[in-house]
**Student:** 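The structure is given below, and queries will be raised subsequently.
Both counts, for ligands and for their atoms, begin at 1 and track the order of listing. If you read the sequence from its start, that first residue is 1, and numbering goes on from there.
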Amino acid sequence: MHLRPLTLTALASSMLWLSACDGNATNGAASDAPTQAQTASAPAVAAGDAIEGVPFASTAVATFNEPWALAFLPDGSLLVTEKSGVLKHVTLPGGEAHEISGVPEVAYAGQGGLGDVVPHPQFAQNGLVYFSYAEDGDGGRGAAVARARLDADAGALQDVEVIWRQVPKVSGNGHYAHRIAFGPDGMLWISSGDRQKFDPAQDMTSNMGKLVRLNDDGSVPADNPFADQGEVAAQVWALGLRNPLGIAFDGDGKLWEIEMGPAGGDEFNLIERGGNYGYPIVSNGDHYDGRPIPDHDTRPEFIKPLITWTPVISPSSLMVYSGTLFPEWTGNAFAGGLSGQTLVRIELDGDTAREAERFAMGARIRGVTQGPDGALWVIEDGADGRLIRLAPREG
Ligand SMILES: [Ca+2]
């Protein structure tokens with residue numbers, strides 16, 4: 001790994017971002033569509049808004065090279081992954097970033113590389129972080145999830161242990177998905193994309209195109225819905241997914257999922273135990289080569305999405321907001337959009353959801369999360385992706 005020089009923001013004002021600490025480190029960030037390097041290098045913003053035309057104050061803190069995920073730690077610092085295989089520890093409010101050693105070699109190509117990062121719910125006690133990445137192996141490539149102990153003082157991951165892998169490994173560099181979340185049940189949830197191979201999403205001998213639920217050590221819980229159907233099937237909680245780049249629990253413990261559709265048909269779903277979401281048999285989008293895929297309403301046995309987007313927004317990430325800094329948004333979901341260059345606000349109501357608002361962010365949004373004080377944080381896609389704090393405007 002190479003240490004990359006960082007463009008840092010000198011913040012003019014001393015903002016007490018971390019004075020309150022409700023510690024909910026919602027995670028978010030992910031990838032699908034090919035990364036397009038932003039043409040103009042985005043300089044760090046020393047003062048004023050980083051984004052024009054949005055109804056909140058925005059402050060850029062640092063820039064990263066193809067950032068993919070961001071996650072807050074209990075002390076108010078955060079971790080940021082870069083797709084090439086670099087993990088950085090970022091302190092606030094200054095945005096100083098320090099590379100963390102010990103990341104395994106990643107298969108950096110296309111949509112693949114270092115992916116998500118999430119701290120264990122008891123990180124303050126055990127120091128464990130979980131991260132996903134694309135790896136080479138027999139037959140091709142696949143996503144892996146590892147856990148390790150973060151020694152922030154030493155700037156290193158210790159005791160790295162791979163606890164899950166996509167099977168089988170296949171050709172290509174797309175649709176890893178590999179988003180990670182911990183549920184209120186303490187379980188580890190992994191979104192596993194179809195690797196652009198379609199049929200594995202319905203094949204229970206593969207964990208591709210699935211939502212996986214594991215114990216925090218990677219073992220399989222006995223109460224998973226397909227626990228009696230074999231080793232791989234036992235991991236599966238839900239199936240028929242394409243490229244699920246965002247998973248997030250709400251305050252009631254419901255799990256919401258957002259995924260990229262093919263040509264059209266991005267989806268927002270409420271995940272049900274053992275549910276089949278129908279890909280590639282049904283989709284409200286169609287194949288890129290123009291061949292139709294029957295829409296969801298033709299096959300009611302599959303769970304249909306609560307929201308579909310055509311034209312697509314290319315969702316990258318998902319979080320459910322639990323803060324109060326934006327009091328009118330408490331309990332709403334937020335999704336980053338890549339091609340849409342948006343942050344989408346989604347109102348959740350019982351078992352339903354609707355798009356409420358779409359903010360034009362002026363850049364592909366790769367990740368979104370919530371800071372300890374209830375600010376929203378986004379990270380842009382690309383070679384100079386900025387880490388940006390969003391907060392209500394004063395007055
Ligand atoms: Ca269709």
Side-chain angles (χ1 to χ4, degrees), residues 30-34 36 110-111 166 170-179 191-204 206-212 236-248 255-318 333 335-342 344-348 351-356 358 364-365:
S31 111
D32 182 303
Q36 295 175 352
Q111 297 167 17
Q166 276 181 330
V170 296
S171 62
N173 299 300
H175 294 193
Y176 294 96
H178 61 22
R179 300 282 298 113
S191 74
S192 176
D194 81 332
R195 298 286 284 111
Q196 298 176 312
K197 303 303 182 191
F198 309 101
D199 293 340
Q202 297 289 330
D203 176 359
M204 296 301 277
S206 166
N207 54 18
M208 290 149 47
K210 310 294 194 313
L211 183 71
V212 167
V236 173
W237 187 264
L239 62 148
L241 307 177
R242 184 178 180 269
N243 194 17
L245 282 164
I247 50 174
L255 177 55
W256 307 86
E257 177 261 358
I258 198 163
E259 70 178 61
M260 294 214 190
D266 288 348
E267 297 190 0
F268 185 76
N269 291 301
L270 176 57
I271 294 296
E272 299 178 20
R273 183 179 195 277
N276 187 337
Y277 292 78
Y279 194 77
I281 300 167
V282 289
S283 168
N284 287 359
D286 296 312
H287 290 294
Y288 287 115
D289 63 9
R291 285 176 297 132
I293 305 173
D295 286 353
H296 269 275
D297 60 13
T298 64
R299 296 290 294 271
E301 69 269 38
F302 299 120
I303 300 170
K304 68 180 181 186
L306 300 173
I307 304 172
T308 61
W309 286 275
T310 305
V312 298
I313 58 172
S314 306
S316 64
S317 47
L318 184 69
L338 290 166
S339 67
Q341 301 197 351
T342 59
V344 180
R345 183 168 71 84
I346 299 165
E347 290 181 352
L348 310 177
D351 293 346
T352 65
R354 72 175 189 94
E355 178 179 346
R358 197 181 297 197
R364 294 160 57 87
I365 299 301

**Student:** Do Asp286 and Pro262 come close enough that some side-chain heavy atom pair is under 4.5 Å?
**Tutor:**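 They are not in contact (no side-chain heavy atoms under 4.5 Å apart), so the answer is no.
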**Student:** Can you tell me if an N/O/S atom from Val282 lies under 3.0 Å from the Ca ion (ligand 1)?
**Tutor:**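 No, outside the cut-off.
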**Student:** Quick check: of its N, O or S atoms, which one does Asp286 have closest to the Ca ion (ligand 1)?
**Tutor:**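 Result: OD1.
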**Student:** Has Asn284 got an N/O/S atom less than 3.0 Å from the Ca ion (ligand 1)?
**Tutor:**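 False for Asn284.
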**Student:** Give the name of the N/O/S atom in Asp295 that lies closest to the Ca ion (ligand 1).
**Tutor:**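 Nearest N/O/S atom: OD1.
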**Student:** Are Glu267 and Pro315 packed together at the side-chain level, in the sense that at least one heavy-atom pair is separated by less than 4.5 angstrom?
**Tutor:**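 No, side chains not in contact.
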**Student:** What side-chain donor-acceptor pairs closer than 3.5 Å can you find for residues 305-312, not counting sequence neighbours?
**Tutor:**
| from | atom 1 | to | atom 2 | distance (Å) |
| --- | --- | --- | --- | --- |
| Trp309 | NE1 | Glu355 | OE1 | 2.6 |
| Thr310 | OG1 | Gly265 | N | 2.9 |

**Student:** Can you tell me how the ring of His287 sits relative to the ring of Phe198, calling it parallel under 30°, perpendicular over 60° and tilted otherwise?
**Tutor:**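 Perpendicular.
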**Student:** Please find out if the Ca ion (ligand 1) and some N, O or S atom of Ile293 are separated by less than 3.0 Å.
**Tutor:**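 Under 3.0 Å: Ile293 contacts the Ca ion (ligand 1) through an N, O or S atom.
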**Student:** Just checking, any donor-acceptor pair under 3.5 angstrom between side chains of His175 and Asp194?
**Tutor:**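 Yes.
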